[in-house]
Structure formats: C-alpha cells, structure tokens
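Below, read A as the first sequence line, B as the second, and so on, with proteins coming before strands; counting in each chain starts at 1.
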Protein chains: 2
Amino acid sequence: MEMATIKDVAKLAKVSTATVSRVINNSGYVHEDTRKRVEEAIRQLNYRPNAVARSLFKKESKSIGFIIPDITNPFFPQLVRAVEDTFMKAGYTILLFNTDGVLDYELQLIELMKSKYVDGILAVSNSIKREHLQDLTIPVVSIDRVIDPDLPSVSIDNYDGARQAVRHLLAKGCRKIAHLSGPENIDNARERCQGYLDEMKRNNMHPLVYPGNYELKEAMNAVLMLLTEHTDVDGIFAGNDVMAVGTIKAATKLGYKIPEDIKVIGFDGIDIGMTITPELTTMEQPILEMGRKGSELLLDLIHGKKIEQKRFVYQAKLVERHST
Amino acid sequence: MEMATIKDVAKLAKVSTATVSRVINNSGYVHEDTRKRVEEAIRQLNYRPNAVARSLFKKESKSIGFIIPDITNPFFPQLVRAVEDTFMKAGYTILLFNTDGVLDYELQLIELMKSKYVDGILAVSNSIKREHLQDLTIPVVSIDRVIDPDLPSVSIDNYDGARQAVRHLLAKGCRKIAHLSGPENIDNARERCQGYLDEMKRNNMHPLVYPGNYELKEAMNAVLMLLTEHTDVDGIFAGNDVMAVGTIKAATKLGYKIPEDIKVIGFDGIDIGMTITPELTTMEQPILEMGRKGSELLLDLIHGKKIEQKRFVYQAKLVERHST
DNA sequence: TCATTATCTGTAACCGATTACACATTACGA
DNA sequence: TCGTAATGTGTAATCGGTTACAGATAATGA
C-alpha cells in the first residue's frame, strides 16, 4: 500500500499542493470551504505528510541526538527516560548513541547528525571539548559534565556533594574515612575526590584514597585491599553508587557488618541503592530533573529563545538509608 | 558555516552532480582522473552527503525504530545496547521510543516512523497485534514477545525456563514452592506461570500463586502477605529478577534467612542479581544474544534477504548463585 | 465610486541528493 | 577497417514537501 502524497490530496481536493500545504500547516489564507475539502481528502486518503521531504526543505528534522557513554551504566536509563519524555511531548524523536566515551566516534556522530539535520544535541561526554564544537551551528547542551563554561550545561555540584558525604560520615561517628575514587579522567570523579580531600583537611583528618573506576568489580577489589591494609577504616565514601554496592559486598565478604563496623555512602542515587541490603545511603542527584532541565534548555535553544542562564548546577541531596 | 552541497563539489571539480554522485556511491563509470579531482574537491570543501536528501529519493533512512516499554526497567538497557551496537556497526541509527506499552502511542509511533522512512522496526510490545501491522511494508521484528507466529521474532522459552526453575528449587530440597507471578496481560508472565503450575502438578505438589506486576514494591507487599499467610513456604520462584529482589528483601525483613529458610529463584539474569546479597539464583536469558539476533534478523529483512527461519526461541539457563 | 487592503489560490522554484537516458568517445575483435 | 561493446559524462526528471510571488476576487473605507 503506497503512501499518499500531497499531490494525491491536491488532486482529490481539486486544489494545488500549495493550498494543501497551507491547510496542513495552518498557514496563510485558506477559504473555509476549501479547507473542508482538503481535510476530507486527507481523511479519505489517510494522508500523512512525509517527514523526510519536510526536513529537506526546512533543514530541520524534529529530532535530536543524545550521546551517552553507555546505557548499561545504571545512571543513564533514568536520564534517557526523562529526556525522551520531555522531547516526545514536544514532538521530537530521540536518536540515541552509546559511545563508551570514544572521542573519534563521538566526532563522527556529530557529522552524521549534521547530515541528518538533527535539531539539537544532548551530550554526556568527557572527551568532547569546546574546540570540537567550534563551528557547529546545531545547539548543544551538555548534561552531567561541563564541557565549557560558555556551553549550556546541566550538572551537579560534585564538590559540595562530596563534602556533605564526608560530613555525614563524620556525624555518624566515623573516625577514619576512606574514599574510593572514580576514574581520574572524568571531571566529576576528580571533583568528588577534591571535595573529600578538602573536607577531610578541614577536619584535620588524614585522607585515604583508593582508586576505582566507577565499576563494581574493580571497586570490590579495591575495597578488599583497602580493608586489609587499613583495618581501622570505619567509613567509606564511594565515588558512585555502583562502587558503593561493591564496597558493601566486599566489606561484608570480609566479615564486616554494615553499618555497625563500617559505614558506607555512595553518590548518584540510582535505584539499585534501594534494592540492596542494607539499603544504601547516598548523595542523590536529581537525575530526572536534570534530564528534564537539559531537554528544556535545548528545546529553548532550538526555538531560538534567548537563554538567560547557561549553567544549571544542582545540589546533591543526602538520602540517609541503612548503610550509615 | 554552511555545509557544502553536491553542487559545490561539482562546480569546484568542474563536473556535473551526477558524476560527483557516482564517485560518492562508487557506482557507474568514472574516469580515474575525474575521480581524483572530485575526491580532492570533496576534501577541500569537507563535503558530506546530506542524509536527508538521500533519504527522500531512496525512500530509506539508514535508521530503525526501536520500541520498548521502559528503558528504566533493568531488562532493557542491555538489550538496547546490543541492538545499538549491531546496527551502528551496520551504519544504522537507532530511534528509541519508550511507550509504557500504551497501544495508541505505539500505533502513532508507527505512523511517525513511516513518515520518516525508517528502514525497520524492532518492537518489544504486548499490545501490538498482527492486525496493527497488516498493511505495513516496513519489516518488523519482535523481541521477547511473539506477536504472531508469522512475524519474525526472537524470544525465550518461558514455559520451560519456569519448569527448570521449579525443578531447581525441588532439587535444593524445597517442599512448599510458591510462585510470584507477573502481570496477567503479559504473555511471558503467563507462560512462566503455566510452566510453574505444570511442573508442580507433575510433582504432585500444590501450587501457590501470588500475583505481582514485575515490580519491586508490589512484589515486597505480595511476599509479605504470602509469608504471613503461608508460613510453611520454603521456596519462591519469582516471575522476574526485580520481583526476586523484592522477595529477598521482604523475606529478610520478616527475619527469614536466604537461602537457609527460604530459597529464591528469579528469571531474567539482569545485573542487579549479582549486586545484592545473597546473590540471586536466576533463569538467565541471553539478553545480548537476543538483541544481536533480533537486529541481524531485521537487518536481513531490510536487505531483502530470504529468511529461512522466522522464530528464534532461546532457552533460559540456570545460573546458580547464593539465594538457593 | 474608487482606491486600498484583505482574502484566496495557483505557478514554479527550491531543498540536496540519485538515476534513467542520451550522447560521445574509446577499445576491441573479426 | 568497421561494427559492437565498454567507458565516461551531462541533462533533466524525480523524491515530497514548502514558500515566494503574482494574479484574481472580495471586502472595506473615504
């Protein structure tokens, strides 16, 4: 069954395609009777305007590209969902790309998106820098990472969140607090680490940082080492929730009781935290809100609205559960 | 910075656009010298063919639509990743849609996809039926659900998987096995339930089914009730892993030890199962493999290949961890 | 009543590619 | 040497819409 085109409609309604177009888009003048005829023809033929043809002329596609490292990382499903909901509601389609943070690939994708007339780009990337976006006319909003102070972005105050986390552990009576850090090449991991270091110093405590990579396995190994090398540790601030889960598993395996012997706090506020036992205390990010805000920002940019504020920095919120 | 078009290239290389097109697509005859000139022009102008214009003419978009209920459901991230990897490798872009299983919305999306010349559709849906796909010329592959015996699909033998799960519990010494079922309107939930019922009957055991909805909260409530109403239950087969996690949480809360007092087995094999304590025994689905297979199937369909086999049914595999 | 403006509609160019077709030239086998 | 096939290239139609422009008619105000 071939799809009807605007010409078919025009012929059936005995008008020109221009008039049909006016009816479809509700633009220009169209006599009421004519409109009726056209609408009837549209109904009869079950006509739907061809999005591709429209895109070609308008140089827009009613779609946006969303670049993320890996949907399999539990931080992203919620973010993607929030973005999708916002954009779908506005009539936009999402092109989703998992890049594993590979810059070359990300740059290729940007070219691809240009050639598809994507209306905007939402990016979560550590590798993309301002120079890669120099002569890009498509609006870009960065989520969770600040690519450049000038580039619109939605992010979290990782530094302050980390300090809050440390203070919470302190308030819970911890005397020896270690930090399981994220990958060095990721800004938010460094910021969280710095927050930890500064807050420790502020309290005249010796810092103890073990490197992790935001993943479970590695975190478990790190904690296994950490707890054998430093038996006096009674509080661990993990750089993200996934590692916090690993921390709890490792500590439990070594016979420590959480939170009695060791208190653990994570960062992110992903759902997994509530599924484990004990439920994880964490610095929660407003993921949905960030996705929504990022999307609205991009939508404004797409619509050519003046952006009064470019950077949106949210505060992580302490959610106390049973691991501290 | 305006993007260069094929005309710009043609002008610079002093040839017609037809020749440029031939060079780009490596089709027809092009003299070696001419090719060189054109390629040089392409390089100079940093020209990339416009995907939209190409789509319009070719009536294809090098993109596919992927309909899923909710990316937030931990079953889907892995599936999406597998699909994306396969299609990206083949040069296709993914349009991702979360529908929450709302039929009206799904049907609208199909219209949208038609108008975007999507080359194929991958669907995970309980609501879409064959009649909705009747006069659709775009190839469709169903994943995880069998929409119609005629429609290409990739799925799991839920029935057999459920029976295996029951047998495992039996082998572990359970004498009173309950089932926490999924939503009635979802085929795979019914199949798993039926598998449970049949295997129980086969062993002359009284079945005990509590209804769940594949979600954590509801599962916890159900199990709380179940275990107070039936104190002799020593094995629970949860319809999916998320509910299995809920089961463990609820049972633990009531003071039962897992697996000593009650053994729990789930279904799906999602990552969360490995993060909780005790780690979850489950009937693992080859999610990645299913995503890959579904994608390849669709790719074959798109390329007009003859499909020798339409239905691919995988077997769930028992992964024994610490909850049984 | 007449100039002016508002309403209505069609023609044709355009968006940026692809390709059928025609025509010219070259290569080749007999 | 000539007929045929292979090679090389351009013209123009096409994909399915949108819109600038122009021309026609109707409505309005002075």
Side-chain angles (χ1 to χ4, degrees), chain A residues 1-39 41-42 45-63 111-119 137, chain B residues 1-39 41-42 45-63 111-119 137:
Chain A
M1 177 173 89
E2 289 312 308
M3 283 179 54
T5 73
I6 199 172
K7 279 186 198 161
D8 301 325
V9 175
K11 192 172 297 174
L12 183 59
K14 298 189 196 306
V15 295
S16 73
T17 62
T19 299
V20 177
S21 181
R22 287 188 197 103
V23 172
I24 298 168
N25 299 297
N26 224 316
S27 64
Y29 291 114
V30 177
H31 190 94
E32 196 47 34
D33 298 352
T34 312
R35 170 183 303 281
K36 285 260 165 56
R37 271 211 330 282
V38 171
E39 277 166 353
I42 288 177
L45 296 173
N46 191 24
Y47 167 76
R48 307 237 347 172
N50 182 307
V52 177
R54 186 174 279 173
S55 284
L56 179 56
F57 188 89
K58 303 282 278 303
K59 295 184 195 296
E60 66 176 38
S61 63
K62 289 288 175 188
S63 70
E111 291 303 313
L112 176 68
M113 291 193 251
K114 276 202 239 168
S115 89
K116 280 185 180 282
Y117 283 152
V118 156
D119 300 321
T137 51
Chain B
M1 177 173 89
E2 290 310 309
M3 283 179 53
T5 73
I6 198 172
K7 278 186 199 160
D8 301 325
V9 175
K11 191 171 297 173
L12 183 58
K14 297 191 197 308
V15 295
S16 72
T17 62
T19 299
V20 176
S21 180
R22 287 187 197 103
V23 171
I24 298 168
N25 299 295
N26 223 315
S27 65
Y29 292 113
V30 177
H31 190 94
E32 196 46 36
D33 298 352
T34 313
R35 171 184 304 280
K36 287 259 165 57
R37 274 216 322 285
V38 172
E39 279 166 351
I42 288 176
L45 296 173
N46 191 24
Y47 166 76
R48 307 241 345 173
N50 182 306
V52 177
R54 185 175 278 173
S55 284
L56 178 57
F57 188 89
K58 303 281 280 301
K59 295 186 195 294
E60 66 175 39
S61 62
K62 288 290 176 189
S63 70
E111 291 304 312
L112 176 68
M113 290 193 249
K114 276 203 240 172
S115 90
K116 280 183 179 283
Y117 283 150
V118 156
D119 300 321
T137 51

_Rounded to whole Å, please give me the gap between NZ in B:K62 and P in C:dA17._
17 Å

*Check B:N50 against A:S115 and note the closest heavy-atom contact, atom names and distance.*
OD1-O, 3.6 Å

*Phosphate-side-chain proximity, B:T5 and C:dG16, N/O vs OP1/OP2 below 4.0 Å*: no

*Once you round it to whole Å, what is the distance between P of D:dG16 and CG of A:N25?*
17 Å

*Distance, rounded to the nearest Å, where B:R54 contributes CZ and C:dC15 contributes P*: 19 Å

*Are side-chain heavy atoms of B:Y117 and B:K59 found at a separation under 4.5 Å?*
yes

*Would you check if B:R35 and B:N26 make a side-chain contact, meaning some heavy-atom pair closer than 4.5 Å?*
yes

_One character per nucleotide, please: for nucleotides 4-13 of chain C, 5' to 3', B when the base has a protein heavy atom closer than 4.0 Å, S when only the sugar-phosphate does, - otherwise._
--SBBBBB--

*What is the distance from CE of A:M3 to P of D:dG16, rounded to the nearest Å?*
9 Å

*Can you name the closest pair of heavy atoms from A:E60 and A:S55 and give their distance?*
O-OG, 2.8 Å

_So, taking the atom named OH in A:Y47 and the one named CE in A:M3, what distance separates them when rounded to the nearest 0.5 Å?_
8.0 Å

*Between D:dG17 atom C1' and A:E60 atom CD, what is the distance in whole Å?*
13 Å

*Nearest-nucleotide wise, let me know which of A:A53 and A:S27 is further upstream toward the 5' end of DNA chain D.*
A:A53

*Below 4.0 angstrom from OP1 or OP2 of C:dG16, is there any side-chain N or O of A:K59?*
yes

*Let me know the distance between OH of B:Y117 and P of C:dT18, rounded to the nearest Å.*
15 Å

*Separation of atom NZ in A:K58 from atom C1' in D:dT19, rounded to whole Å*: 10 Å

_Just verifying a value: how many Å separate B:I6 CD1 and B:K11 NZ, rounded to the nearest 0.5 Å?_
13.0 Å

*How long is the line joining CD1 of B:I6 and P of C:dC14, in whole Å?*
17 Å

*asked:* Measuring from atom CD1 of A:I42 to atom CG of A:D8, what distance do you get when rounded to the nearest 0.5 angstrom?
replied: 11.5 Å

